[in-house]
Amino acid sequence: AEFRMSGGTVRSNHSGNSGGGIYAKGKLSMTGGEISANTAATYGGGAILKTVGGSVSGGSIKGNSASANGGGLQIDGTVSLSNASVSSNSASGKGGGISVSSSGTCNLSSGNVSGNTAKAGGGGIYIDGTCKANGSSFTGNQSSGDGGAVYIASGTFTTFQANQAVNIQGNSASGNGSGIYNRNITVLNNNAHILNNQCKNGTQRGIFHEGSLFSIEGNTEIQQEIYL
């Protein structure tokens, strides 16, 4: 089954379980429109995506909330997000904007993850699976725990392609790692910029690394303390 969305709005819905706006065991192809103001009692306030081959190549996912993880999106399958906006979503658990489970893969390009909030960690995105990013911005996200923009738990986070900048700036965390909190593997290749992220605990730990590997390569720019 395939659901195509090129316009219109899916809004103000509630799920007593997961997938407030959309529960996708089939293929979701979103090129426009808006998923907004939906709520879920567990995961995926805006949508939960459980299949391989889903894509969000336009439109916006905003103002959704989840009582567990993935305020905007819960990704349990393989999903490509490009030229899309994930903004102003919230999670009482982890991943205010996006949560990627251990079975999930998220490929981000030319979009923004902004103004999302999480209470437990990963204001912008929480990663137990795999996330690859290029040409994306993580800005203005907040975590009441660790990882203001990006929290890598048991997963991997990789940026790539020199001509497509990944910007992680202006995020905040009440704990550590206002830009990135890494508990497993992070590889920043080429044109990644980490700056002006703020820890509200009085430290300067914009990047907090307690995982197996944190690697920077190429033209990566970091104007934050790296704490390990």
Side-chain angles (χ1 to χ4, degrees), residues 10-11 13-15 18-22 34-49 56 59-76 79 81 84-102 104 106 108 111-129 131 133 136-155 157 166-183 186 194 196-201 206-208:
V10 177
R11 66 180 178 187
N13 301 290
H14 174 72
S15 170
S18 56
I22 298 173
E34 181 179 288
I35 300 171
S36 63
N38 301 287
T39 60
T42 57
Y43 301 93
I48 183 167
L49 309 177
V56 180
S60 65
I61 298 162
K62 68 177 185 179
N64 304 284
S65 63
S67 295
N69 300 349
L73 291 175
Q74 173 69 33
I75 296 175
D76 295 342
V79 179
L81 284 86
S85 173
V86 180
S87 65
S88 303
N89 302 285
S90 63
S92 296
K94 302 165 184 175
I98 303 168
S99 173
V100 184
S101 73
S102 59
C106 177
L108 285 167
N112 70 82
V113 179
S114 62
N116 302 287
T117 60
K119 290 185 177 179
I125 186 169
Y126 183 89
I127 305 165
D128 270 324
C131 180
S136 303
S137 294
F138 297 83
T139 59
N141 300 288
Q142 300 180 47
S143 170
S144 297
D146 299 316
V150 182
Y151 191 120
I152 302 95
S154 59
F157 178 64
V166 173
N167 296 304
I168 300 175
Q169 57 184 357
N171 304 282
S172 65
S174 296
N176 294 306
S178 53
I180 297 175
Y181 191 97
N182 181 55
R183 295 186 63 191
T186 296
I194 321 294
N196 298 326
N197 300 290
Q198 180 183 13
C199 289
K200 295 181 179 180
N201 61 5
I207 295 175
F208 193 96

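Every heavy atom of this structure was used, including side-chain atoms; hydrogens, water molecules and symmetry mates were not.
Considering CZ of Phe138 and CD1 of Ile180, their distance stands at 8.5 Å, rounded to 0.5 Å. Taking SG of Cys106 as the start and CD1 of Ile127 as the end, the distance is 7.5 Å to the nearest 0.5 Å. Leu81 contributes atom CG, which lies 6.0 Å from atom CD1 of Ile61 (distance to the nearest 0.5 angstrom). Ser92 OG to Lys119 NZ: the interatomic distance, rounded to the nearest 0.5 Å, is 4.5 Å. Taking CG of Asn112 as the start and OG1 of Thr139 as the end, the distance is 6.0 Å to the nearest 0.5 Å. Interatomic distance, Asn69 CG to Ser18 OG, rounded to the nearest 0.5 Å: 11.5 Å.
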Val79 vs Leu73, test: side-chain contact (heavy atoms from CB on, under 4.5 Å). Steps then yes/no.
CA-CA 10 Å; Val79 179; Leu73 291 175; 5.9 Å; no
Evaluate Val113 against Ser136 for side-chain contact (heavy atoms from CB on, under 4.5 Å), listing each step before the verdict.
CA-CA 8 Å; Val113 179; Ser136 303; over 6 Å; no
Please test Lys62 against Ser85 for side-chain contact (heavy atoms from CB on, under 4.5 Å), starting from the C-alpha separation and ending with a verdict.
CA-CA 8 Å; Lys62 68 177 185 179; Ser85 173; over 6 Å; no
Determine, step by step, whether Asn176 and Asn201 satisfy the side-chain contact (heavy atoms from CB on, under 4.5 Å) criterion, reporting the C-alpha distance in whole Å, the side-chain angles of both residues, the deciding distance to 0.1 Å, and the verdict.
CA-CA 8 Å; Asn176 294 306; Asn201 61 5; 3.2 Å; yes
Candidate pair Ser178 and Asn171, rule side chain to side chain donor-acceptor pair (under 3.5 Å), full reasoning
CA-CA 6 Å; Ser178 53; Asn171 304 282; over 6 Å; no
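For Asn64 against Asn38, the heavy-atom pair with the smallest separation is OD1-N, 2.8 Å. Minimum heavy-atom separation, Tyr151 to Gly121: CD1-CA, 4.2 Å. The two residues Ala118 and Gly95 make their nearest non-hydrogen contact at CB-N, 3.9 Å. Residue Ala40 comes nearest to Gly20 through the heavy atom pair CB-N, 3.8 Å, listed as atom of the first residue, atom of the second, then distance. Ser36 and Glu34 get closest at one heavy-atom pair: OG-OE2, 2.9 Å. Looking at every heavy atom in both residues, Ala173 comes nearest to Gly147 through CB-N, 4.1 Å.
Ring-plane geometry between Tyr181 and Phe208 is classed as parallel, the angle between the planes falling under 30 degrees on a 0 to 90 degree scale with a further cut at 60.
Partner of Ile125 under the side chain to side chain contact (heavy atoms under 4.5 Å, CB included) criterion, chosen from Asn116, Val100, Asn141: Val100.
Inspection of the Ser154 and Asp128 side chains reveals an N or O donor paired with an N or O acceptor under 3.5 Å. A donor-acceptor contact closer than 3.5 angstrom links the side chains of Ser99 and Gln74.
Judged by distance alone, the side chain of Asn197 and the main-chain N or O of Ile168 form a donor-acceptor pair under 3.5 Å.
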